[in-house]
Amino acid sequence: MKDVAHKAGVSQATVSLVLNDVAGSGISDSTQIRVRAAASSLGYRHNALARGLKLQRSDTIGFLSDHITTTPYAVAMVRGAQDAARAAGKHLLILNLDLDGTSIDADAADLAISELLERRVEGIVYAAMFHSAVQVPDGLGEVRSVLLDAQSHGAELPSIVPDEYGAARQAVSHLLDAGHRRIAHLTRPSGPIAVDLRERAYRDALSEAGLDLDDQHVEVGVDTTPGGFDTAMKALTRNHRPTALFCFNDQMAMGAYQAADELGLGVPDDVSIVGFDDVSLIAPVLRPQLTTMRLPHYEMGKLAVECVLAPEWI
């Protein structure tokens, strides 16, 4: 600041007032322009660390996740969180635990939260790739914290989650409205909350339509493309084969496309297929393009940070 003041021909106090955007300083526009030009020519930058120490705040929000940052569809949560933080003049510090996506290891999470708290983050977004139940570490109670795509076991924390049930009902209703009456559900073993909610929505939609629900129309397998192929082959080779498949995710839907092709069935002439998640590397690439449900991951990430920064804590 002393160098900027010398170059601009003003006091160091004036430089401080201008560069810190102090309201009501009474400094003329021409002087402010001169100070900012001097700062720019000298390559002056604020010392964010010193400013944080003085104000006793870091202007940083912690974002703790499993392996969201490597997942094409869920990574939108990070973008939403980052945009909300930037709009509020904050920074997002991301720690990725890189686990299996179904749970967060307690020891790794405790260590990560400790690292975030040591950096004096103003809040923490604790996120999971799948909508699932998590055991909330004690450290989250020390700072404003929000669960993202997760719900807690007992802990009273705000939770931002998608309407899995409503989205699945809409997907099955789309097939019913198209005239389908034999609809199979390709899903994965129970675990994440999303699995049970999507299957319940499937069953409720069929029941409401007055259709008999036979368990043979629910095929359980691995939620991958090979898993989708295997479960679709089982469904499509049964007596009274289904005319439509509602898949747990787009990976399984892609496997279902492959199974239909293997059996000489056309999509959608012989069998209609609906996926879930709107994976950019799958849905628009398949031919015909996959009908799929998109969860509001970006909006969820944005809302989570806005919740952390809300003037009145929930």
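Predicted model only: the values in this text are computed from it and were never measured.
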Could you check whether atom [atom1] of [X] has more than 12 heavy atoms from other residues, nucleotides or ligands sitting under 6.0 Å from it?
| X | atom1 | result |
| --- | --- | --- |
| Arg294 | CZ | no |
| Gln170 | CD | no |
| Asp269 | CG | yes |

Exercise. Under 4.5 Å between side-chain heavy atoms, hopping through other hydrophobics if needed: is there a path connecting Ile193 to Val195?
Worked result: no
(request) Please check if Leu157 and Leu116 belong to a single hydrophobic cluster, counting links between Ile, Leu, Val, Met, Phe, Trp and Tyr side chain heavy atoms closer than 4.5 Å. (result) yes
Under 3.5 Å, side chain of [X] to main-chain N/O of [Y], donor-acceptor pair present?
| X | Y | result |
| --- | --- | --- |
| Ser145 | Val143 | yes |
| Ser173 | Arg169 | yes |
| Arg241 | Ala235 | no |
| Asp250 | Ala253 | no |

Would you call [X]-[Y] a salt bridge at under 4.0 Å N-O?
| X | Y | result |
| --- | --- | --- |
| Glu122 | Arg144 | no |
| Lys302 | Glu306 | yes |
| Lys234 | Glu219 | no |
| Arg203 | Asp212 | no |

Is any side-chain heavy atom of [X] closer than 4.5 Å to a side-chain heavy atom of [Y]?
| X | Y | result |
| --- | --- | --- |
| Arg119 | Leu93 | yes |
| Thr14 | Thr31 | yes |
| Val10 | Val18 | no |
| Leu186 | Phe248 | no |

Here the ring-ring contact (aromatic ring centres under 6.0 Å, His included) pairs for residues 158-194, sequence neighbours left out, are His185-Tyr202, His185-Phe246
Exercise for review: Could you tell me which residues satisfy ring pair (Phe, Tyr, Trp, His ring centres under 6.0 Å) with Phe229, sequence neighbours excluded, listed by chain and number?
Suggested key: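 Phe229 satisfies ring pair (Phe, Tyr, Trp, His ring centres under 6.0 Å) with no residue once adjacent residues are dropped.
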### Query
Between Asp83 and Tyr298, do the side chains contain an N or O donor and an N or O acceptor separated by less than 3.5 Å?
yes
| query | With no hydrogens and no angle check, do the side chains of His131 and Gln151 hold a donor and an acceptor under 3.5 Å apart? | reply |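 A donor-acceptor contact under 3.5 Å links the two side chains.
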- prompt: To the nearest 0.5 Å, what is the distance between CD (Gln258) and CG (Asp230)?
  reply: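 Result: 10.5 Å between the selected atoms.
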Report task. Let me see the working for Tyr126 and Val134 under side chain to side chain contact (heavy atoms under 4.5 Å, CB included), right down to the final yes or no. Result -> CA-CA 10 Å; Tyr126 190 76; Val134 298; 3.9 Å; yes
